[in-house]
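A note on names: the letters A, B, ... follow the listed sequences, proteins ahead of strands, and every chain is numbered from 1.
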Number of protein chains: 2
Amino acid sequence: MTSATAESLDEETSTIADRVFGQVRQAIVEGQIPAGSKLSEPALAARYGISRGPLREAMRRLESTNLVERRPNLGARVITLSNDELLEIYVIREALEGMAARIAAERMSDAAISDLKGLLEQHRREVARADWQTYFQEEGDLDFHFRIVQGSGNRRLIDILCNDLYHLARMYRCQFGMKSDRAADALKEHELVADAIAERDGELAEWLMRRHIRASRRAIERRLAVER
Amino acid sequence: MTSATAESLDEETSTIADRVFGQVRQAIVEGQIPAGSKLSEPALAARYGISRGPLREAMRRLESTNLVERRPNLGARVITLSNDELLEIYVIREALEGMAARIAAERMSDAAISDLKGLLEQHRREVARADWQTYFQEEGDLDFHFRIVQGSGNRRLIDILCNDLYHLARMYRCQFGMKSDRAADALKEHELVADAIAERDGELAEWLMRRHIRASRRAIERRLAVER
DNA sequence: TCCGGACCAAGTGTCGACAATCATGACATC
DNA sequence: GATGTCATGATTGTCGACACTTGGTCCGGA
């Protein structure tokens, strides 16, 4: 778990602010700190056994990753997950990951492509035998997207997606159960993207990736419409 | 000038950290603080007449906007503008602003489209009579892109582009002279995008916007190749 | 009973100071 | 003469404390 997060193994980072930043982020993403709840500086400082100085710096970093909202003299709150913002994120992912797939098709190493296909092979086995383990399938979904983005080699692209949007996506997924009835379809779409990349067809890879993310967004839209 | 920056008129923001964040950012973008130079906390704190506490928070925000790099116990430095990263930014802009143009074509209000056309009319007059005023043309270029992005109505999209990438672009532009021999071509491309939006043709607007940004990137690539 | 103003408490914003870490230079040794 | 080591200085990381703002509450009056 938490396998696909950039800089996830940053234990023993020299500065306290960075460490508590990662801890609070994880707590927010996984729902231990509920969405919309107020983040009291003294309380958090006491909870993590640090002073308010480093904690404020961590809060600033959390603010810039759009996980918390701050208003002057009023304090910080965990962001409230609105449905519109979730859909907005998928729009951005469609644009960014589509471009990532295009570049990955041009620049990804053969070895990385082999690894990618191996990952999909493993996912196929998991999906075939386990319908109740959609959780791992969902984590695997992020793993797949993570590798494509890495394959683009565009550092800023990697940064935006892996350090901001993927944490948001994981937060939404932990919040609502996100029982995906789309696991089989998504896997099929992943394989199509991987094939296009293996054939070095950047244009097709981008088109397929965008269609894949669009389909995911539509599935969410349908589910939100039903729940309403 | 500095017309197209989000939250630009944030004078008298209650918190000092936010104010000095904007000031330092402007100083970095406009080159008053040279690229690659070290940012000493005591020096900056003294320069702005504040303590190191708020300054450190401002530095954290600057770090998250990718304008400065920090390494623990080693201090912060202004980012060094590498050519590769500049091109990476254009790749992201191509993906993101293409999507913004598509959505803007669907959602932009008629009034906003009229304003956009008025802006282009003004740009046309400027370009026609002034070849030495490419500076204003370049600022106007950002203004155009800014309005398209705003027209998308996607808050996170607006945030990424206006609060991060555009400042980077302005920094590069202030750093090297960025004498653009492409002003006329760029204006023409802008008008095509605006026309597609006016006709509510999202697919075409995206295609044109991506081609426009790609052309700008290629112009930069050519210039970098010559200077080398 | 309802509205308005003042008081109070909690929390945020800011500051100065101490401890830990790293760079720089001189010095001793091989 | 070159290299490794150590001391020194400066800078960063962290902490506790103070001032100011905000929100709630209580009291008084209509």
Any side-chain N or O of [X] under 4.0 Å from OP1/OP2 of [N]?
| X | N | answer |
| --- | --- | --- |
| S40(A) | dA10(C) | no |
| T15(A) | dT14(D) | yes |
| K38(A) | dA10(C) | no |
| R70(A) | dG13(C) | yes |

Report each atom pair, protein N/O against N/O of nucleotides 17-25 of chain C, whose distance is under 3.5 angstrom.
none

Please tell me which of the listed nucleotides, [options], lies nearest to the side chain of [X]?
| X | options | value |
| --- | --- | --- |
| P42(A) | dT14(D), dT12(C), dT14(C) | dT12(C) |
| E41(B) | dT12(D), dG13(C), dT14(D) | dT12(D) |
| A17(A) | dT14(D), dC15(C), dC15(D) | dT14(D) |
| I16(B) | dT14(C), dT14(D), dC15(D) | dT14(C) |

Nearest-angstrom distance from the residue atom [atom1] of [X] to [atom2] of [N]:
| X | N | atom1 | atom2 | value |
| --- | --- | --- | --- | --- |
| R19(A) | dT14(D) | CZ | C1' | 12 Å |
| R61(B) | dG13(C) | CZ | P | 12 Å |
| M59(B) | dT11(D) | CE | C1' | 12 Å |
| F21(A) | dG13(D) | CZ | C1' | 18 Å |
| R56(B) | dG16(C) | CZ | P | 16 Å |
| D18(A) | dG13(D) | CG | C1' | 11 Å |
| E57(B) | dG13(C) | CD | C1' | 8 Å |
| Y48(A) | dT14(D) | OH | C1' | 18 Å |

Inter-residue atom distance [X].[atom1] - [Y].[atom2], 0.5 Å rounding:
| X | Y | atom1 | atom2 | result |
| --- | --- | --- | --- | --- |
| L67(B) | F21(B) | CG | CZ | 7.5 Å |
| M171(B) | H167(B) | CE | NE2 | 12.5 Å |
| R60(A) | D18(B) | CZ | CG | 5.0 Å |
| E88(B) | S82(B) | CD | OG | 7.0 Å |

| said: Using every non-hydrogen atom in the two residues, find where M108(B) and G151(B) come nearest and quote the distance to one decimal. | reply: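 In this case the closest contact between M108(B) and G151(B) is CG-CA, 4.0 Å.
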| query | Shortest non-hydrogen contact from C162(A) to V149(A)? | reply |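 Heavy-atom minimum between the residues: SG-CG1, 4.4 Å.
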| task | For L55(A), report the nucleic acid contact type (base, sugar-phosphate, nothing); a contact means any heavy atom under 4.0 Å. | result |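 The answer is nothing, as L55(A) stays clear of every strand by at least 4.0 Å.
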| message | So G53(A), base contact, sugar-phosphate only, or nothing? Heavy-atom distance under 4.0 Å. | response |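 G53(A): no heavy atom of the nucleic acid under 4.0 Å.
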| said: I'd like to know whether the aromatic ring centres of H212(A) and H190(A) sit less than 6.0 Å apart in this structure. | reply: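 Under 6.0 Å, so yes.
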| request: Compare all side-chain heavy atoms of I213(A) with those of V91(A) and state whether any distance is below 4.5 angstrom. | output: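 No, their side chains stay 4.5 Å or more apart.
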